[in-house]
There are 2 protein chains.
Amino acid sequence: MTLWIEVGPPHSRLVAEPARTLESREPAAALEFFRAELGKRLVQVAARCSIEYHGRAQSTLPSGARLLLFKPDGTLLVHTSTKLKPVNWQPPGCSFSADVEHEAIVLVARRDKPVKETVRIALEEIQFAVSLDLDGEEGFDLAGSEDDMQAFLARQPQLIEPGFKFWARERASGRGPMDLYGEDALGRRVVIECKRRAAGVAEADQLRRYVERERGARQSTRVRGILVAPAISSKARKYLADLELEYIEVDWEKLRKPASELLKSGQRRLADW
Amino acid sequence: MTLWIEVGPPHSRLVAEPARTLESREPAAALEFFRAELGKRLVQVAARCSIEYHGRAQSTLPSGARLLLFKPDGTLLVHTSTKLKPVNWQPPGCSFSADVEHEAIVLVARRDKPVKETVRIALEEIQFAVSLDLDGEEGFDLAGSEDDMQAFLARQPQLIEPGFKFWARERASGRGPMDLYGEDALGRRVVIECKRRAAGVAEADQLRRYVERERGARQSTRVRGILVAPAISSKARKYLADLELEYIEVDWEKLRKPASELLKSGQRRLADW
DNA sequence: AAATAAATATCGTGA
DNA sequence: TCACGATGTTTATTT
């Protein structure tokens with residue numbers, strides 16, 4: 001257990017008053033609070049409530065204590081005590097409303113596009129409601145994505161095989177993009193599909209599609225297809241073999257760090273290569 | 001705007017005191033609060049902080065005001081002012097810790113399986129911290145999923161074509177999972193893949209896999225394949241045609257309601273059919 | 001534990 | 001706007 005070392009005024013670390021807290025026990029005050037804050041700032045509500053959803057599917061959630069988040073961009077999240085995914089939600093773009101129906105405050109999130117959807121939250125008991133301002137995702141940086149893996153492979157063609165030359169990355173052929181495209185030592189065209197995670201049959205099929213497209217476009221069966229991934233399921237491996245497609249193991253988990261070094265040393269993002 | 005109608009004691013609707021709020025401005029108190037509450041109850045923290053993630057990928061988020069949620073099941077969510085998905089997160093199963101590093105409180109979420117992952121949150125200013133108990137997802141009911149669509153089609157084989165007979169619905173077949181399996185009026189085997197949303201090439205390929213598997217198992221090319229969906233992309237339609245596979249349009253959006261009626265009238269869940 | 005596919009998937013990109 | 005593919009996908013199911 002690390003010991004606490006006090007430095008500087010504690011006020012700089014703990015500010016007790018959030019932007020605005022619902023203090024009154026009057027339902028009318030709560031209603032006014034929601035109408036003033038929803039859609040303008042982040043609103044958190046801990047409440048006993050029941051929820052109905054109608055839209056792409058439909059759902060009901062019986063009464064219970066949930067945490068509601070209304071973001072200023074029109075996002076709604078309803079969280080229970082477990083799981084990462086919210087039990088109910090709406091993506092950005094909703095309009096929020098607060099009204100009284102059958103003697104209870106009802107919060108509604110609505111949107112029309114791309115499909116009409118409604119989440120209706122009937123509050124029974126508000127434990128807690130507060131609104132505050134959050135910052136956005138400016139400056140967020142993620143490394144290690146498939147994009148980075150592609151860029152790394154493009155710099156290290158010998159990881160594919162000796163004499164391999166890359167022609168293009170994310171080649172936008174009229175029939176769809178393929179991850180990497182090049183030529184082997186014997187001058188044969190090679191389509192490469194790269195995956196940052198273990199590949200299954202669906203990923204093998206994705207490669208198959210690209211290879212077939214390319215063979216059709218080139219009027220040639222002399223197009224190789226290689227699936228590059230850190231691992232592959234046994235069924236997918238067999239599937240590839242039957243189709244005369246290839247698999248090369250590249251342990252991206254281990255290569256990510258060196259790739260990161262390249263990124264740091266280089267001027268540009270690795271993914272921009 | 002609906003008018004407010006006051007009924008019953010307001011106390012039943014608004015309880016000002018949540019389970020436990022961090023009131024003290026002392027950093028030591030905050031540390032103690034986190035250590036007492038993390039992993040035991042839902043902990044919400046609104047704070048200015050910077051975040052680092054290392055695991056399947058790696059990311060950094062510069063200092064800013066974010067909302068942190070620590071669930072008792074070991075789930076972490078970090079939300080900004082926009083978007084549905086958290087900017088950082090950890091799925092259930094993490095262990096949480098609170099420590100002091102370089103004169104700042106640092107909250108860490110760690111897990112080892114399936115891969116080693118760490119989210120490190122360096123707090124700079126706590127706007128707000130509270131812990132409370134939430135209920136789980138008990139009683140949550142969702143209707144309109146693909147499972148329901150399958151069940152509905154199985155009851156309405158004429159939606160596929162006259163004389164169609166279903167043999168089996170999904171899973172548990174030794175030859176691999178396919179959504180629906182049956183026989184047409186001419187006695188030919190038919191594999192059906194059904195999608196609740198618009199289908200693309202990947203979905204067409206999924207059907208193709210199942211049909212090929214079935215043809216292989218039956219040593220027969222006389223196996224039809226039908227993709228059932230509310231819509232299909234033009235490329236996917238062409239792709240299916242080239243493979244001599246079929247597409248049938250079923251507007252699940254419109255059929256969901258009648259299907260729901262069936263569900264209500266029946267004893268069992270539609271999906272159990 | 002591994003594999004497979006659905007999801008109210010969400011999200012970004014490119015045509 | 002639509003289509004396509006990645007996601008630190010998550011989640012459930014089945015082997």
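Chain naming here is simple, since letters A, B, ... match the order of the sequence lines and numbering starts at 1 in each.
- Listed nucleotides C/dT4, D/dT7, C/dA7 differ in distance to B/Lys85; the shortest reach to its side chain belongs to D/dT7.
- B/Trp89 places its CH2 atom 15 Å from the C1' atom of D/dT11, with the value rounded to the nearest Å.
- For the residue pair A/Ser59 / A/Asn88, a side-chain donor-acceptor distance below 3.5 Å is found, with atom types taken as modelled.
- Residues B/Tyr210 and B/Gln206 have side chains that bring a donor and an acceptor to within less than 3.5 angstrom of each other.
- Taking the side chain of B/Arg197 as heavy atoms from C-beta on, and the options D/dT7, C/dT10, D/dG5, the nearest nucleotide is C/dT10.
- Summary of the strand contacts: B/Glu137 and A/Phe140 both lie near DNA chain D, and taking for each the nucleotide with the nearest heavy atom, the more 5' one is attributed to A/Phe140.
- Side-chain proximity of A/Pro91 to D/dG5, C/dA5, C/dT10: nearest is C/dT10.
- When each of C/dA9, D/dT10, D/dT7 is scored by its nearest atom to the side-chain atoms of A/Arg196, the top-ranked nucleotide is D/dT7.
- In this structure, CD of B/Gln206 is placed 9 Å from C1' of C/dA6, rounded to the nearest angstrom.
- With no hydrogens or angles considered, a side-chain donor-acceptor pair links B/His79 and A/Lys71 at under 3.5 Å.
- Listed nucleotides D/dA3, D/dT10, C/dA1 differ in distance to B/Ser233; the shortest reach to its side chain belongs to D/dA3.
- Stacking of A/Lys254 on the aromatic ring of A/Trp252 is not recorded, the 6.0 Å distance cut-off and the 45° axial limit not both being met.
- Per the geometry, NZ belonging to B/Lys195 stands 11 Å off P belonging to C/dA9, to the nearest Å.
- You'll find that the side chain of A/Lys83 is closest to D/dT11, out of D/dA3, D/dT9, D/dT11.
- With D/dA6, C/dT8, D/dT9 as the choices, the nucleotide that has an atom nearest any side-chain atom of A/Ala57 turns out to be C/dT8.
- Out of D/dG5, D/dT10, C/dC11, the shortest distance to the side chain of A/Pro92 is found at C/dC11.
- The side chain of B/Leu84 lies closest to C/dT10 when the candidates are C/dT10, C/dA6, C/dT8.
- Rounded to a whole Å, the NZ atom of B/Lys235 is 8 Å from the P atom of D/dG5.
- Taking atom OH on A/Tyr53 and atom C1' on C/dA7, their separation rounds to 11 Å, with Å as the unit.
- Per the geometry, CG belonging to A/Asp179 stands 9 Å off C1' belonging to D/dG5, to the nearest Å.
- Across all strands, A/Lys116 comes closer than 4.0 Å to no nucleic acid atom at all (heavy-atom distances).
- The CG-P distance, from A/Asp147 to C/dC11, rounds to 19 Å in whole Å.
- Closest contact between the side chain of A/Arg209 and the listed nucleotides C/dA5, D/dG5, D/dT7 involves D/dG5.
- The base-pairing partner of C/dT8, taking Watson-Crick or G-U wobble contacts with both distances under 3.5 Å, does not exist among the strands shown.
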